[in-house]
There are 2 protein chains.
Amino acid sequence: MSCESDLTQELRELGFRVTPQRRVILHILLHANGHLTPSEVFALAQESLPGLMETTVYRTLEFLVQTGLAQAAFGSNGKRAYEISDEHHHHLICRQCGKEIEIPHVQLDSLYASLEASTQFKLVHNHITFLGLCAECQ
Amino acid sequence: MSCESDLTQELRELGFRVTPQRRVILHILLHANGHLTPSEVFALAQESLPGLMETTVYRTLEFLVQTGLAQAAFGSNGKRAYEISDEHHHHLICRQCGKEIEIPHVQLDSLYASLEASTQFKLVHNHITFLGLCAECQ
DNA sequence: ATCCTTATTGCAAAAACTTGCAATAAGGAT
DNA sequence: ATCCTTATTGCAAGTTTTTGCAATAAGGAT
């Protein structure tokens with residue numbers, strides 16, 4: 001009974017298949033603290049699963065986002081990073097020095113509520129990256 | 001006196017050089033309604049400037065964002081698109097059908113103010129893409 | 001345990017994007 | 001008008017990400 005078993009369970013219940021590839025990638029994401037880029041995930045995953053293709057990593061990460069098990073963040077540069085997080089949050093990055101601050105989602109709750117009211121959309125809690133200049137760099 | 005002259009003027013005042021490449025790309029962005037991807041810009045720009053490299057398009061678009069003359073939007077898929085817009089706004093995209101709604105920045109004003117207060121950052125008005133499900137697709 | 005269906009993966013090739021460096025050409029100075 | 005400085009471009013090579021299709025293997029049914 002490995003540590004990602006509750007997530008694979010969830011996958012199966014949603015009607016998706018649980019493959020070694022998905023298991024390994026989930027495991028990696030669970031043990032990473034913070035974001036990982038697809039190539040970082042690939043490098044780590046290949047250690048446990050030598051035949052793994054980078055393509056599969058890309059597809060799996062995107063798949064996990066679709067199913068809601070992982071979140072994707074697009075950095076200021078548009079580079080991707082993925083993570084699994086129970087506590088939903090966003091980021092504020094300093095454009096000058098790159099310092100990164102975590103913004104808990106509660107701070108956006110009222111915005112989300114008002115957007116949902118005005119647009120009739122049901123918002124998905126996707127990761128948002130705000131950009132700015134930190135106190136020192138201003 | 002072409003239509004992008006006020007923008008090239010602004011570039012020069014900021015100390016940057018005005019090149020045929022920048023002029024053409026600005027012209028294209030000004031006449032596009034909505035976003036254009038780098039390759040769309042490239043295809044259009046090459047008609048007026050045959051020797052132009054795609055690299056230059058990428059660099060120029062990013063440059064225009066840095067100087068604040070253009071905005072970049074990262075779609076739900078992470079694909080880039082650029083535009084020039086006087087009225088700053090964001091987007092809400094339906095994950096199912098792709099419908100896109102424009103969110104005027106004023107709706108985020110109070111959020112930005114509270115983020116600036118709590119983090120000491122000075123926020124940059126970068127484009128944000130919200131994701132959700134539209135009324136029909138829910 | 002075996003078979004069936006079809007979701008997933010591997011593989012290959014393409015598309016999208018980035019980077020380094022030498023050559024070019026803006027724009028200011030003479 | 002010409003020269004100088006250096007920002008910007010072209011070019012080539014590299015990295016990252018996407019896509020199509022045939023082969024594989026999960027998971028349900030027998």
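Note: hydrogens, waters and symmetry copies are ignored here, and every other heavy atom, side chains too, is used. All chains are named by letter (A, B, ...) in the order of the sequence lines, taking the proteins before the strands, and each is independently numbered beginning at 1.
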Undergrad: Indicate whether OP1 or OP2 belonging to dG10(D) is found under 4.0 Å from a side-chain N or O atom of Thr56(B).
TA: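 Yes, such a contact exists.
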Undergrad: Under 4.0 angstrom, heavy atoms only, what part of the nucleic acid is Thr37(B) near: base, sugar-phosphate, or nothing?
TA: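 Nothing: the residue Thr37(B), judged by heavy atoms under 4.0 Å, touches no strand.
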Undergrad: So Phe63(B) and Phe16(B), would you call those rings parallel, tilted or perpendicular, with 30° and 60° as cut-offs?
TA: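 Answer is perpendicular, since the angle exceeds 60°.
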Undergrad: Which nucleotide in the set dG10(C), dT8(C), dA26(C) lies at the smallest distance from any side-chain heavy atom of Met53(A)?
TA: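 Of the options given, the side chain of Met53(A) lies nearest dG10(C).
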Undergrad: Rounded to whole Å, how long is the line connecting atom CD of Glu54(A) with atom P of dT17(D)?
TA: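 My rounded result for the distance is 8 Å.
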Undergrad: Within this structure, what is the CG-to-P distance between Leu26(B) and dT8(D), rounded to whole angstrom?
TA: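 Going from Leu26(B) (CG) to dT8(D) (P), I get 13 Å.
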Undergrad: What is the distance from CG of Leu11(B) to C1' of dG27(C), rounded to the nearest Å?
TA: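 It is 14 Å, rounded to the nearest whole Å.
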Undergrad: May I have the distance from Leu61(A) (atom CG) to dT9(C) (atom P), rounded to whole angstrom?
TA: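 Nearest whole value for this atom pair: 11 Å.
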Undergrad: Identify, between Arg23(B) and Leu52(A), the residue whose nearest nucleotide on DNA chain C lies closer to the 5' end.
TA: Leu52(A)
Undergrad: Do Gln21(A) and Leu52(A) come within less than 4.5 Å of each other through their side chains, counting heavy atoms only?
TA: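 SC-SC contact between Gln21(A) and Leu52(A) confirmed.
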Undergrad: Tell which nucleotide pairs with dG27(C), taking only Watson-Crick or G-U wobble pairs whose two distances are both under 3.5 angstrom.
TA: dC4(D)
Undergrad: Hey, does the side chain of Arg80(B) come within less than 4.0 Å of dT16(D)'s phosphate (OP1/OP2), counting only N and O?
TA: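 No.
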Undergrad: Counting only side-chain N and O atoms of Tyr58(A), is one of them less than 4.0 Å from OP1 or OP2 of dT18(D)?
TA: no
Undergrad: Is any side-chain heavy atom of Tyr58(A) closer than 4.5 Å to one of Val41(A)?
TA: no
Undergrad: Arg17(B) or Tyr82(B): which one's nearest nucleotide on DNA chain C is closer to the 5' end?
TA: Tyr82(B)
Undergrad: Out of dC11(D), dG10(C), dG27(C), which has the shortest distance to the side chain of Arg12(B)?
TA: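 Given the options dC11(D), dG10(C), dG27(C), the side chain of Arg12(B) is closest to dG27(C).
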Undergrad: Find the distance Glu40(B):CD to dC17(C):P and express it as a whole number of Å.
TA: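 Rounded to whole Å, this separation is 11 Å.
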Undergrad: Measure from CD on Gln21(A) to P on dA7(C) and round the result to the nearest Å.
TA: 17 Å
Undergrad: Whole-Å distance between dA7(D) C1' and Glu62(B) CD?
TA: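 Rounded to whole Å, this separation is 17 Å.
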Undergrad: Do the side chain of Arg59(A) and the base of dG10(C) come within less than 3.5 angstrom through a donor-acceptor pair of N or O atoms?
TA: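 Answer yes: a donor N or O sits under 3.5 Å from an acceptor.
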Undergrad: Taking Ile84(A) as the fixed residue, which of Leu26(A), Leu69(A), Ile28(A) is the one that meets the side-chain contact (heavy atoms from CB on, under 4.5 Å) rule?
TA: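 Exactly one option meets the side-chain contact (heavy atoms from CB on, under 4.5 Å) with Ile84(A), and it is Leu26(A).
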Undergrad: Within this structure, what is the CZ-to-P distance between Phe63(A) and dT9(C), rounded to whole angstrom?
TA: 8 Å
Undergrad: Kindly point out which of dC11(C), dT9(D), dA16(C) is positioned nearest to the side chain of Thr19(B)?
TA: dT9(D)
Undergrad: Tell which nucleotide pairs with dG20(C), taking only Watson-Crick or G-U wobble pairs whose two distances are both under 3.5 angstrom.
TA: dC11(D)
Undergrad: Decide ring-ring contact (aromatic ring centres under 6.0 Å, His included) for His89(B) and His125(B); before the verdict, give the C-alpha distance in whole Å, the side-chain angles of both, and the deciding distance to 0.1 Å.
TA: CA-CA 9 Å; His89(B) 66 272; His125(B) 284 211; over 10 Å; no
